[in-house]
Structures are given as C-alpha cells and as structure tokens.
Amino acid sequence: MLRILNTSQIKALDEYTIKHEPVGSIDLMERACHAFVSWFTLHFDVTKTVGVVCGTGNNGGDGLGIARLLMEWGFQIKVWVVRGSVPESADFKINLQRLKTEVIDIKTASDNLFADQHILIDAIFGSGLSRPPEGIYSDVIKSINRVNAIRIAIDIPSGLMADKPSTGEIVQAHHTITFQLPKLSFLLPKSGSFVGEWRIVNIGLDEKFIMQAETNYFLLEQSDMNAMLHERKKFSHKGNFGHALLIAGSYGKMGAAVLGARAAMRSGVGLLTVHIPKRCYEIIQTSVPEAMASVDKADDWFSSAPDTKNFVTVGIGPGIGQEKQSAQALKDLLVKVNKPVVIDADALNILGANKELQKLIPAGSILTPHPKEFERMVGSWTDDFERLQKQIDFSRRTKTVVLLKGANTSISTPEGKAYFNNTGNPGMATGGSGDVLTGLVTGLLAQGYTSVESALLGAWIHGLAGDRAAVNKGTETLIASDIIDHLPEAFALCR
C-alpha cells in the first residue's frame with residue numbers, strides 16, 4: 001500500500017533523497033519533468049497547442065523544465081510566469097536560463113489571458129502552499145478556470161492544500177500528475193473534486209525514507225489484496241470457511257436481505273443463515289437456495305435476537321426497518337453477542353437515534369455507514385478533514401473498524417489508522433449496493449479474516465466488481481445485482 005505523507009514529510013523526503021542518493025536538486029527536478037512528459041506524450045499529440053503557467057518557486061521550475069522538454073518533442077508551447085510576491089527559487093532560475101523561448105510575465109490577469117490554448121499546464125504552486133492564493137495569484141487561477149482548455153496540474157492543483165482544508169481560488173484540473181506519492185486531499189470529496197483524474201509518476205525518491213516515515217494514512221493497492229487473501233486448500237470443506245448469520249429484511253424490503261445473502265455466499269463463506277420476518281420465509285428460500293433461514297417471531301420485521309453461539313459472526317441492518325421492537329432486538333443482540341459483528345443501514349440509524357447503544361458495540365466490529373448515517377451517529381462536521389478525524393476518533397473510542405462508504409472509501413481502525421480504497425465508480429450509487437457490501441464483509445469476517453482485513457478486502461473487491469460491471473453494463477445502467485455477478489471476476493483479479 002502507498003503511504004500518504006504530509007507536506008513537511010514530503011519536503012524532508014526530497015531533501016533526504018538529494019543528500020543520500022546523492023543527486024542535485026536541479027537534477028531531481030529534471031527527473032520529475034521527464035516523468036511528467038512521459039505521461040503527457042502518451043496522451044496528447046503535437047497538434048495540440050500547450051500553455052504552461054508558472055509560478056516562481058520550484059513548481060514553476062518544474063513547469064519551465066516541462067515546457068523545454070515538450071518543445072523538444074515538437075509541441076507548440078507558450079509560457080507565462082506569474083510575477084507576484086514569491087521570490088525566484090534557485091532551480092527556477094536555472095530552468096528559466098535553459099528555456100529557449102519567450103516567457104510572458106503576468107502582472108495583471110484578464111479573462112482571455114490564456115485563449116487559443118488546447119491544453120493548459122498549471123505550475124504555479126506546489127504542495128508546500130500554506131495559505132490561500134491572493135492578489136495576482138488568485139486572479140490568474142480564476143483566468144485558468146475560465147479557459148476552455150484541458151487543464152493539467154503538476155503535482156497538485158494550485159491553491160489546493162495537501163493536508164488541510166482549502167479556501168480561496170483553486171485550479172479546477174481535469175488531470176493531476178503527482179510525484180511519487182498521493183496527497184491526502186486528493187482522496188477527500190470536496191478537495192478531490194479539483195484534482196480530476198490523478199496519476200502518480202515515480203521520480204525515484206528514497207524508498208527507505210518513505211517506508212520509515214510515520215503516517216496513519218494509506219492508499220490500498222491490488223497487491224495488498226493478493227497478500228491478504230487466504231488460500232483454499234484442496235481438502236477443505238464448508239466447515240473450514242465459517243458460518244455467518246445475516247439479520248436483514250422486513251416486509252417490503254426483502255430485496256436488501258436477498259442481495260446481502262447472495263453477496264455473502266459469493267464471498268466464499270461456508271454456511272449462511274439469514275434471519276428474516278415470518279412472512280418473508282418463502283422469499284429467502286426461493287431467492288437464495290444456498291442459504292438457510294431463521295424465522296423471527298414477528299410477521300413483518302426484526303423483533304427478537306436469535307441465538308448467536310453457533311455463528312462465527314453476525315451481519316445486521318439491511319432493510320430491517322427502525323421499529324421500536326427492532327431497536328430493542330438490536331440492543332439485546334449487542335448485549336449477548338460476544339464477537340465482532342457487521343453493522344449497516346437501519347441498524348446504524350438505530351445507533352444514531354439511540355446513541356447510548358453505541359457503547360454496547362463489541363470490540364472489533366465493522367460499521368459500514370454512508371456519510372449521512374455516520375453523521376447521525378457522530379454529529380455534523382465543517383469539512384472533510386474534520387469528518388475523517390471524527391471517523392478515526394470513533395474507531396479509537398469504540399474499538400471498531402469504520403468503513404465510510406463513498407468515492408475513495410475510508411476505513412479507520414481502532415489503532416487510529418485510515419486506509420483509502422480507490423476502486424469503484426459512480427454507477428455504484430444505486431439502491432442495494434451497500435447491502436451487497438454488508439453481505440460480502442460479513443462473509444469474509446466469518447471465514448477468519450481479521451476485522452481490518454475483512455473491511456479492506458470487502459471495500460476493494462466490492463469496488464472492483466463494480467468497476468468490472470460498469471465495463472459490461474455501463475455506469476448509467478448498473479444495478480446492485482450486477483456487482484454480485486462480477487464478484488467472482490473481482491476475486492480472480494485479486495489473485
């Protein structure tokens with residue numbers, strides 16, 4: 001997995017690489033420029049006019065170096081330098097001397113400043129920015145955003161803070177080519193919307209420093225899933241892969257139970273029992289013949305917690321409703337169960353409405369809220385960084401794993417770490433998608449994966465199955481059942 005470092009650590013990483021490789025800072029900058037250009041020339045041809053808008057710091061130095069290299073490739077290049085309060089860095093000066101073309105100094109900005117450019121490369125500010133852009137910088141960013149061109153940011157969109165909330169003007173990039181490691185802000189909804197499609201390019205920064213740097217933030221990779229997945233041995237039998245209990249569904253919401261049950265079976269779980277209301281017995285038996293049924297006393301909703309001693313784990317919540325009897329039954333379950341459980345949907349809403357029940361959640365449990373369900377449990381937040389901190393604090397306080405659903409799903413642990421998953425696509429924003437995730441995670445937990453492994457694997461494989469489904473079905477027409485149908489392919493890709 002990729003480690004996510006803060007701006008101070010990124011600066012120290014550059015300095016450590018320069019000292020211990022050793023390599024000159026201008027040569028490291030040249031390496032970064034070549035990495036950017038290697039990506040750029042794979043995606044755009046020389047028929048496109050390219051504008052490069054530079055600041056006077058090291059990000060501007062990158063821009064000047066990239067402009068020179070693109071000219072060597074035959075691109076028609078126009079270069080601007082924003083002349084504000086930032087002094088010229090040493091490497092900026094060197095690359096300015098190396099550039100054999102006219103540079104246009106910007107001292108005032110206008111709406112049509114960058115007209116007639118097919119592509120505009122943003123090289124004003126890098127990840128070291130510590131305050132919102134002001135004056136001429138703010139005006140130039142506005143002009144960049146107004147132009148009808150493909151906007152590409154070098155390392156990070158100018159105006160965007162790497163690891164704290166951003167205010168003021170920010171370049172709205174279509175693409176961001178970042179160096180070596182992702183930035184935390186790329187992974188959060190509000191700030192990430194400025195980044196567009198982002199790609200990491202390797203510039204040879206010191207791997208030993210990266211691996212030893214202390215961080216609580218990580219980005220998952222497919223190789224992590226391969227390392228986590230258990231091998232199914234030849235002489236295994238269903239008893240080796242756990243027996244899960246899924247409490248789901250109510251009259252009119254049995255689709256949630258069916259989707260969750262089908263996903264649990266596709267997780268590889270050995271046995272599955274689904275606890276459903278009395279009137280829903282035939283539905284689960286005919287829809288998921290591989291699962292066994294446990295019947296509630298009530299006709300239409302969850303009203304009593306079944307005995308859990310014969311189950312490895314319990315998943316609860318999809319479609320159960322929020323009846324008073326259901327809230328009491330959830331409390332009874334949490335009191336008597338002595339193992340980690342998976343909690344989703346209506347069970348989370350009950351915990352949000354009855355916050356005193358949160359202290360009953362067994363240690364190691366996995367909660368899978370979407371943002372609104374999470375807000376009901378912990379209260380509101382002012383920005384995504386505060387939301388992330390609330391998530392981490394909740395995991396620490398309750399000793400649980402929280403899988404907060406959405407683009408770049410974040411998974412927090414009792415140890416205070418946060419992992420981000422970047423599989424998945426907008427087509428998965430459809431009813432039932434979360435029920436599939438609940439069944440999948442419950443099935444993994446029942447098989448002996450740890451709580452953290454179950455959440456990480458579940459998030460990755462769920463998103464990957466959605467990605468494969470989108471290839472075949474399209475994002476507009478994807479439904480939750482399509483995700484289930486592509487789980488086998490997702491598992492196979494992880495192996």
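Side-chain atoms are counted along with the backbone in the values below, which use heavy atoms only and exclude waters and symmetry mates.
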Would a 4.5 Å heavy-atom cut-off, applied to side chains only, mark [X] and [Y] as touching?
X	Y	result
Ile4	Phe218	no
Phe311	Val337	no
Leu2	Pro182	yes
Leu487	Ile461	yes
Phe179	Asp62	yes
His243	Thr273	yes

Taking the side chain from Arg3 and the backbone from Ile210, do they hold a donor-acceptor pair closer than 3.5 Å?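 Yes, the answer is positive, given that a donor and an acceptor are paired below the 3.5 Å cut-off.
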
Which label fits His230 and Tyr449: parallel for a plane angle under 30°, tilted from 30 to 60°, or perpendicular past 60°?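 The rings of His230 and Tyr449 lie parallel, inter-plane angle below 30°.
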
Would you call the rings of Phe302 and His275 parallel, tilted or perpendicular, taking 30° and 60° as the class edges?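 Rings of Phe302 and His275: perpendicular, as their planes differ by over 60°.
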
Distance in Å, [X] [atom1] paired with [Y] [atom2], rounded so as to fall on 0.5 Å steps:
X	Y	atom1	atom2	value
Leu330	Ser303	CG	OG	13.0 Å
Leu187	Ser185	CG	OG	8.0 Å
Ile361	Ile343	CD1	CD1	4.5 Å

Before accepting this row, confirm whether a basic side-chain N of the pair [X]/[Y] lies closer than 4.0 Å to the acidic partner's carboxylate O.
X	Y	answer
Lys208	Asp206	no
Lys183	Asp155	yes
Asp300	Arg279	yes
Glu375	Lys372	yes

Before giving the answer on side chain to side chain donor-acceptor pair (under 3.5 Å), spell out for Asn421 and His462 the whole-Å C-alpha distance, their side-chain angles and the decisive distance to 0.1 Å. CA-CA 10 Å; Asn421 171 63; His462 180 256; over 6 Å; no

Among Asp485, Asp482, Asp435, the one residue meeting salt bridge (Lys or Arg N to Asp or Glu O under 4.0 Å) with Arg262: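 So the option named by the test is Asp485.
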
